[in-house]
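Structure first, commentary second.
For the single chain, residues carry numbers from 1 onward in sequence order. Order of appearance sets the numbers: ligands from 1, and atoms from 1 within every ligand.
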Amino acid sequence: MSQPLTTEQSTKLVRANVAQSLGYVPGEQPTDTVTIKMNTNENPYPPSPKAMEAIAQVTPEQLRRYPSPSALDFRLAAAKVHGVTPESIMTFNGGDDLLSVIIRTCTTESDAVLFLEPSYSLYPVLTELHGARKKIVNYNIDGTTWALPDGLESAQAGLMLIVNPNAPSGHFNPISQLESIAKKFAGVLLIDEAYIDFASESALALVNRNENVILLRSMSKGYSLAGLRFGYAIGQPSLLKQIEKVRDSYPCDVLSIAAATAAMEDQAYAASTWDKVKSERKRVASELAALGFTMPESQSNFLLAGVPNSFSVSAKQIYQSLKERQILIRWWDLPRISDKVRITIGTAQQNDLLLTALKSILT
Ligand SMILES: *Cc1c(COP(=O)(O)O)cnc(C)c1O
């Protein structure tokens with residue numbers, strides 16, 4: 001039998017841009033049940049009980065058949081919640097799937113995908129895998145104030161990706177600023193609203209007024225369904241029709257459509273989890289500030305806590321010490337954020353454990 005294919009040999013069998021890409025590195029998913037997970041921004045509360053009931057009620061006959069290609073039940077439920085037509089909604093196998101599909105829909109190899117840094121680290125990876133050019137624009141960061149630089153609207157790019165509220169900072173870019181960009185930008189502006197349920201305002205109204213605006217929504221964070229893989233786009237129907245050609249024919253399965261629909265219909269339950277996260281966010285932010293951390297105002301379900309030079313430990317050491325205590329947070333060895341840690345808001349009890357651990361690490 002011949003030797004297994006080496007990495008070196010495998011790179012010759014794939015496109016050069018794929019061989020050169022490092023790929024995306026997802027946040028750690030510990031397999032034990034004791035670790036407190038504050039590293040990938042999941043909602044700390046369980047999903048709506050109605051989502052679980054909907055999965056239990058799926059019949060063998062439903063599994064035997066293909067699902068609704070357009071996830072009609074979900075689109076009807078989401079359309080009602082958002083006050084838009086069902087044709088303005090298109091579903092995906094998670095928000096990340098929409099990102100991959102929109103890059104393939106809107107850009108050729110000679111076009112650029114514009115995104116900000118620091119921002120969602122999947123954007124550069126998907127862009128390089130597709131083979132489009134990366135146009136990286138830095139956020140203006142002044143202390144704890146983050147702002148979009150001027151001139152984005154005149155950038156030469158087929159697609160612009162802006163997360164709002166931003167990850168990993170949690171700061172909120174004013175909707176009026178996003179609309180000014182959309183009005184003049186020649187390409188498609190995707191506003192990634194993965195964390196919008198924890199914010200005070202959405203860019204929803206921009207979709208009707210600007211044909212080049214698409215919103216990304218996810219069931220992973222706000223609806224506690226990260227394990228389900230379900231996301232959707234809100235945009236003008238004719239643009240969604242183009243995107244539909246590129247998307248899988250059945251991106252969402254019967255189980256996920258049933259659960260996502262029930263969760264979307266149970267707005268009161270989801271909103272109760274958002275309220276708890278937001279009030280804990282306020283408490284944790286003020287406790288962290290009292291310890292000396294600095295951070296932008298977050299409209300998300302996480303905080304980007306800056307570690308001042310005066311601390312006896314670095315951001316990396318804080319990440320490592322918490323990990324030894326079975327609390328996972330996120331730290332990146334990247335320019336401009338290596339002196340910061342990102343902490344997902346947990347339940348009140350989890351947050352207390354985090355704060356107690358931090359106090360002991362800092363003294
Ligand atoms: C979580 C997230 C998404 C989408 O996540 P899915 O789990 O694929 O729905 C998109 N953008 C950002 C910035 C995110 O954090």
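Atom CG of residue Leu228 and atom CG of residue Leu255 lie 8.0 Å apart, to the nearest 0.5 angstrom.
Closest to atom 15 (O) of ligand 1 among all protein heavy atoms lies Tyr195 OH, 2.6 Å. The protein atom (non-hydrogen) at minimum distance from atom 7 (O) of ligand 1 is Ser220 OG, 2.6 Å. From the protein, the heavy atom lying nearest to atom 14 (C) of ligand 1 is Lys221 NZ, 3.0 Å. What sits closest to atom 4 (C) of ligand 1 on the protein, heavy atoms only, is Asp96 OD1, 3.5 Å.
Note: an N/O pair closer than 3.5 Å links Ser218 and ligand 1 by distance alone. Of the polar atoms of Arg229, at least one N or O is found under 3.5 Å from an N or O of ligand 1, judged by distance alone. At under 3.5 Å, not a single nitrogen or oxygen of Tyr123, backbone or side chain, sits near a nitrogen or oxygen of ligand 1. Not one N or O of Ala167 is nearer than 3.5 Å to an N or O of ligand 1, by distance alone.
Contact annotation: for Asp192 versus ligand 1, heavy atoms closer than 4.0 Å belong to the side chain alone. Contacts with ligand 1 closer than 4.0 Å are made by no heavy atom of Met219, backbone or side chain.
Between Tyr195 and Trp274, the gap from one ring centroid to the other reaches at least 6.0 Å. Phe230 and Phe74 have their aromatic ring centers within a separation under 6.0 angstrom.
Distances below 4.0 Å separate heavy atoms of Val163 from the following atoms of ligand 1: 13 (C). Close approach to Gly94 involves these atoms of ligand 1, each under 4.0 Å from a residue heavy atom: 8 (O), 9 (O). Interface of Ala194 with ligand 1, defined as ligand atoms under 4.0 Å from a residue heavy atom, comprises 2 (C), 3 (C), 10 (C), 11 (N), 12 (C), 14 (C).
If you check each of Gly95, Gly27, Gly231, Ala226 against atom 6 (P) of ligand 1, the one with the closest non-hydrogen atom is Gly95.
Using a 4.0 Å cut-off between charged nitrogen and carboxylate oxygen, Glu265 and Lys50 do not count as a salt-bridge pair. Ion pairing between a basic and an acidic side chain is recognised when a charged N comes within 4.0 Å of a carboxylate O; Asp111 and Lys135 show no such pairing.
Ring geometry for Tyr123 versus Phe115: interplanar angle of 30 to 60°, hence tilted.
The salt bridge (Lys or Arg N to Asp or Glu O under 4.0 Å) check on Lys282 picks up nothing, with sequence neighbours excluded. When the salt bridge (Lys or Arg N to Asp or Glu O under 4.0 Å) test is applied to Glu128, the partners found at least two apart in sequence or on another chain are Lys134.
Panel note: side chain Ser224, backbone Tyr45; a donor-acceptor pair is recorded below 3.5 Å.
There is a side-chain donor-acceptor pair under 3.5 Å between Thr35 and Asp32.
The shortest separation from a heavy atom of Phe92 to ligand 1 is not under 4.0 Å, leaving the residue out of contact.
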